[in-house]
Amino acid sequence: MSENLLSLLNDSQKSAAEHIDGSLLILAGAGSGKTKTITTRLAYLISIGIDPASILTLTFTNKAASEMRERAFSMIDQASINTPPLLCTFHKFGLLFLKFHMSELGRKGNFIIIDTDDKKRIIKSIDKEITTSLLVSEISKYKNTLMSPAEAIAGAELKLYQQIALVYQKYQEYLLKNNLVDFDDLLLLPYEILKKNEKLAQQVSQKYQYIMVDEYQDTNELQYRLLRLLCATHNNLCVVGDDDQSIYGWRGATIKNILNFSEHFEGTKVVKLEENYRSTDTILNHANQLIEHNRDRLGKKLVGTRAKGDSIKVYESHDENEETRKIIDDIKALLDSGISAKDVAILFRVNALSRSLEEGFNKAGLNYKLVGGMKFYERAEIKDLIAFFRILTNSNDNFSLKRVINKPKRGIGKTTIDKLEAKSIQTQKPIFDLIQEFSADELAAIVGKKNSRTLKVFEASIMDLKDILTESKMKFLDAFEDTFDYRASYDNVPDGFERQGNIDEFYGYIRDYFMQNPHLELKDFLNEIALESENGEYNNEAISMMSIHASKGLEFKNLFIIGLEEGFFPLTGDGADIEEERRLGYVAITRAMDNLTLSFVHSRFYKGKRAILQKSRFLSESGLIKGSLTIEKQSNFKKGDLVQHKIFGMGRVQKATKAGKDYKLTINFGGTKRDILSSFVEKS
DNA sequence: GTACGTCGCACGTTA
DNA sequence: TGCGACGTAC
């Protein structure tokens with residue numbers, strides 16, 4: 001069986017897959033069969049008798065984890081193994097670890113994971129002077145470089161940074177007090193525990209004898225340190241990555257990890273995978289040209305294995321509406337020719353660019369799915385429900401309680417919540433206990449008579465629901481709705497219909513979960529969804545739209561990349577890193593298998609105004625602007641065309657003369673003739 | 001003290 | 001366009 005497995009690999013892939021002991025660095029170019037290689041290695045290790053439970057594979061995204069799981073498991077004889085190998089995201093691994101070992105830090109295991117939105121709220125409530133986004137990213141940086149609040153305060157020289165470090169300290173205190181854990185903590189806390197408890201570190205390292213890491217170029221300092229501890233007793237670490245695809249610098253990823261891997265881990269074997277099986281030669285050629293403009297790289301050139309293929313198209317449009325029209329026309333033609341929607345995707349650097357596409361697709365009646373973007377569990381109505389359910393499983397959860405104490409509106413405002421919170425700090429008791437233990441009169445002395453009554457009713461409802469939940473998991477959702485009318489609170493409000501749809505879907509999901517897992521409880525469900533971020537739709541009949549970041553690791557036969565304008569792609573502005581932008585360009589182009597179309601516009605509506613834009617330098621750097629390309633001509637105007645003007649409305653062109661890039665048009669607007677430049681009208 | 005309406009401004013990528 | 005800040009009416 002093991003020989004069979006390896007026979008599907010080329011020589012380099014094979015030498016990587018059959019490497020067993022010691023550190024291994026696989027430098028894998030885009031489309032070089034990276035996933036195939038490490039999933040085969042996983043299956044190979046099992047096939048030669050290594051205990052599956054001793055193999056740990058870490059990825060960055062759930063998508064990558066599930067794809068690998070699927071591919072690896074299809075190669076493994078399932079019946080022959082007891083425990084499947086652990087294959088999950090870094091964060092999921094951290095979560096699993098913390099569930100067992102949180103007590104090492106003197107904290108309870110019923111902690112709650114907060115998301116980015118929660119984090120922002122907490123930080124904003126601590127400090128309103130400094131921009132929240134700066135605070136969020138600086139705090140994240142501290143954590144990812146293992147700096148404690150005390151160290152951050154001591155090390156801060158600038159006044160601004162002293163203040164930021166203080167916010168960091170208060171934020172940490174808040175998390176601790178409410179037993180909250182942010183995304184960074186899912187890695188940081190396990191590290192702290194392992195660092196503190198050497199014996200435990202040895203045990204864990206012994207447990208996972210073989211560790212593999214996907215997308216190693218995107219690891220940060222903290223992940224590196226954690227990995228060191230995990231493989232301290234064996235050095236069996238196999239990482240796969242591509243320095244040219246490092247696109248998470250802003251999240252603390254340091255390309256140094258992959259560049260210095262051989263120095264970090266003694267006796268490293270290096271395997272390079274440079275043969276690309278994905279894209280046509282034309283696509284690879286332009287991708288290579290682009291990335292060659294970067295200086296900071298190990299240096300590697302993708303070699304094609306496919307035919308030359310069609311040339312890359314570049315669309316030039318006046319604005320986003322024209323861009324959308326062209327793309328939709330192309331996509332319709334593709335679909336008409338029998339191509340499946342799942343083989344078509346549109347990428348953009350900035351999520352906001354999806355709006356005009358979505359409008360266009362809706363009008364044209366084309367199915368699309370927006371990958372990434374607003375996640376299902378990030379929707380306010382879903383987060384509310386999760387908060388409610390968390391209180392049912394743990395009424396000490398002040399954080400969740402505050403979120404829903406006034407939902408649906410019951411007259412409990414900010415002032416009342418502040419008073420309750422102050423009392424909670426003073427008495428060292430959770431808010432819920434205060435409401436429960438204080439008599440109505442005592443409570444009224446703090447928040448007034450009316451609020452006291454409201455809070456008592458709320459408390460009683462929660463207690464009732466708790467009882468119902470213990471009695472019957474299947475009944476409690478109906479009881480919850482009977483009590484709070486949460487779903488009905490979205491009747492006749494804007495977006496209400498859509499939100500109710502989400503609520504129904506969520507309820508359905510919970511019921512299904514209990515049906516599938518009769519022995520599990522609500523708290524298990526809540527734990528499980530904490531790190532899920534997929535937006536749930538798996539519609540093969542839909543065209544995908546996503547950010548380039550979200551497209552990492554994916555491939556599409558027919559690909560469109562829009563927004564190739566300076567300022568959008570590359571994104572400039574402060575903190576921008578042109579080399580990382582270029583790597584993003586490289587990632588984007590190398591997602592394409594057969595057909596690639598790039599598009600830029602002269603103007604875009606963004607941040608409330610229309611901006612005039614220059615075409616992206618990446619077009620010339622990749623050799624697309626001069627040479628073998630087909631530049632799509634700007635729309636022609638001729639006599640008889642119907643056009644639309646923002647002020648004058650619809651009119652018919654009577655005369656059109658070329659004037660530079662534009663046309664000078666004489667247009668008849670309902671009897672009034674006007675001379676207008678073509679850039680001010682749209683064809684209709 | 002809370003709810004609700006209006007205005008003005010922002011939209012960089014993610015576990 | 002969607003959200004938060006702010007002011008005002010109850």
Side-chain angles (χ1 to χ4, degrees), chain A residues 58-65 88-95 113-117 119-121 124 128 131-134 136-137 140 143-144 181-188 214-215 218-220 222-223 246-253 347-356 358-359 371-375 377-378 380 405-406 408-419 447-451 454 493-495 530-534 546-553 563 567-577 580-581 583-585 587-588 604-609 611:
Chain A
L58 296 171
T59 66
F60 277 84
T61 63
N62 289 312
K63 207 185 267 161
C88 61
T89 64
F90 267 100
H91 292 85
K92 178 83 183 236
F93 177 75
L95 172 64
I113 300 169
I114 57 167
D115 66 16
T116 319
D117 181 64
K119 183 177 178 181
K120 274 191 207 146
R121 266 178 230 237
K124 199 161 197 173
K128 288 188 186 67
T131 343
T132 311
S133 62
L134 179 69
V136 166
S137 68
S140 194
K143 291 195 177 189
N144 285 318
V181 162
D182 67 18
F183 284 135
D184 297 323
D185 288 340
L186 288 173
L187 304 173
L188 179 59
D214 187 27
E215 311 277 13
D218 286 328
T219 50
N220 59 31
L222 174 54
Q223 284 159 328
S246 167
I247 56 174
Y248 283 101
W250 51 274
R251 204 170 83 180
L347 305 184
F348 30 77
R349 173 67 180 85
V350 177
N351 274 319
L353 298 199
S354 72
R355 191 178 294 164
S356 58
E358 289 188 73
E359 275 171 26
V371 180
M374 178 58 114
K375 315 278 187 334
Y377 293 110
E378 283 169 8
I405 200 162
N406 196 33
K409 290 198 174 69
R410 54 177 69 83
I412 305 296
K414 192 177 176 303
T415 322
T416 305
I417 295 176
D418 286 347
K419 283 176 183 164
V447 298
K449 212 168 182 175
K450 191 167 148 230
N451 285 337
T454 313
V493 297
D495 296 338
L531 285 182
E532 273 190 40
S533 61
E534 309 296 310
M546 69 192 88
S547 72
I548 296 166
H549 283 89
S551 76
K552 188 146 173 229
F568 278 101
F569 195 16
L571 200 61
T572 41
D574 60 283
D577 172 350
E580 181 151 318
E581 293 299 312
R583 289 193 291 270
L584 267 166
V587 168
R604 229 177 248 292
F605 196 73
Y606 186 65
K607 287 191 188 175
K609 48 177 186 277

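First the proteins, then the strands, lettered A, B, ... as listed; each starts at 1.
When distances are taken from the side chain of A/K419 to each of B/dG1, B/dT13, B/dA15, the shortest belongs to B/dG1. Minimum atom distance to the side chain of A/L571 is reached by B/dG12, of the listed B/dA15, B/dG12, C/dT1. You'll find that the side chain of A/R349 is closest to B/dT13, out of B/dT13, C/dA5, B/dT2. In this structure, of B/dA15, B/dA3, C/dT1, it is B/dA3 that holds the atom nearest to the side chain of A/K409. With B/dG12, C/dA5, B/dA15 as the choices, the nucleotide that has an atom nearest any side-chain atom of A/T61 turns out to be B/dA15. Of the candidates B/dG12, B/dT14, B/dA15, B/dG12 carries the atom nearest the A/E581 side chain, counting heavy atoms from C-beta on.
Contact between the side-chain N/O atoms of A/N406 and the OP1/OP2 oxygens of B/dT2 is not found at any separation under 4.0 Å. Phosphate contact (OP1/OP2 of B/dG1, side-chain N/O of A/T416, threshold under 4.0 Å): absent. Checking the phosphate oxygens (OP1, OP2) of B/dT14, a side-chain nitrogen or oxygen of A/S547 falls inside 4.0 Å. Distances shorter than 4.0 Å separate some side-chain N or O of A/N351 from OP1 or OP2 on B/dT14. Put simply, A/K449 has no side-chain N or O that comes within less than 4.0 Å of OP1 or OP2 on B/dG1.
Atom CZ in A/R355 sits about 4 Å away from atom C1' in C/dT1, given to the nearest Å. B/dT2 atom P lies 9 Å from atom CG of A/D418, rounded to whole Å. Between A/Y606 atom OH and B/dC11 atom P the separation is 8 Å, expressed in whole Å. Put simply, CD1 on A/I417 is 10 Å from P on B/dA3, counting in whole angstrom units. Taking atom CZ of residue A/F568 and atom C1' of nucleotide B/dT13, one finds them 14 Å apart after rounding to whole Å. Remark: P of B/dC11 and NE2 of A/H549 are 18 Å apart, rounded to the nearest angstrom. Rounded to an integer number of Å, the gap from CG of A/N144 to C1' of B/dT14 is 12 Å. To the nearest angstrom, P of B/dG12 lies 15 Å from CD1 of A/I548.
Within 4.0 Å (heavy atoms only), A/K552 reaches no atom of the nucleic acid at all. A/F90 comes within contact range of no nucleotide atom at all, as no heavy-atom separation falls under 4.0 Å.
Between A/F183 and A/R410, the residue anchored closer to the 5' end of DNA chain B is A/R410, taking for each the nucleotide with the nearest heavy atom.
Tested against A/T416, the residues A/I405, A/N406, A/T454, A/N451 include a single side-chain contact (heavy atoms from CB on, under 4.5 Å) partner, A/N451.
Between A/T219 atom OG1 and A/L58 atom CG the span is 11.0 Å, to the nearest 0.5 Å.
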Checklist entry - Stepwise, does the side chain to side chain contact (heavy atoms under 4.5 Å, CB included) test hold for A/R251 with A/F183? => result CA-CA 12 Å; A/R251 204 170 83 180; A/F183 284 135; over 6 Å; no
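Closest approach of A/D218 to A/S246, counting heavy atoms only: OD1-CA, 3.6 Å. In terms of heavy atoms, A/L95 sits closest to A/I113 at CD1-CD1, 3.6 Å.
Comment: A/R583 engages A/E580 in a salt bridge, judged by a side-chain N to carboxylate O separation of less than 4.0 angstrom.
Annotation: A/K419, atom NZ; neighbour count of heavy atoms from other residues, nucleotides and ligands within 6.0 Å is above 12.
Under the 6.0 Å cut-off for aromatic ring centres, A/Y606 and A/F568 qualify, their centroids lying closer than that.
In this structure, A/Y248 forms no aromatic stack with the base of B/dT14, since the conditions of centre separation below 5.5 Å and plane angle below 30° are not both met.
Helical stems in DNA chain B, defined as runs of 3 or more consecutive Watson-Crick or G-U wobble pairs with donor-acceptor distances under 3.5 Å: B:1-9 with C:2-10.
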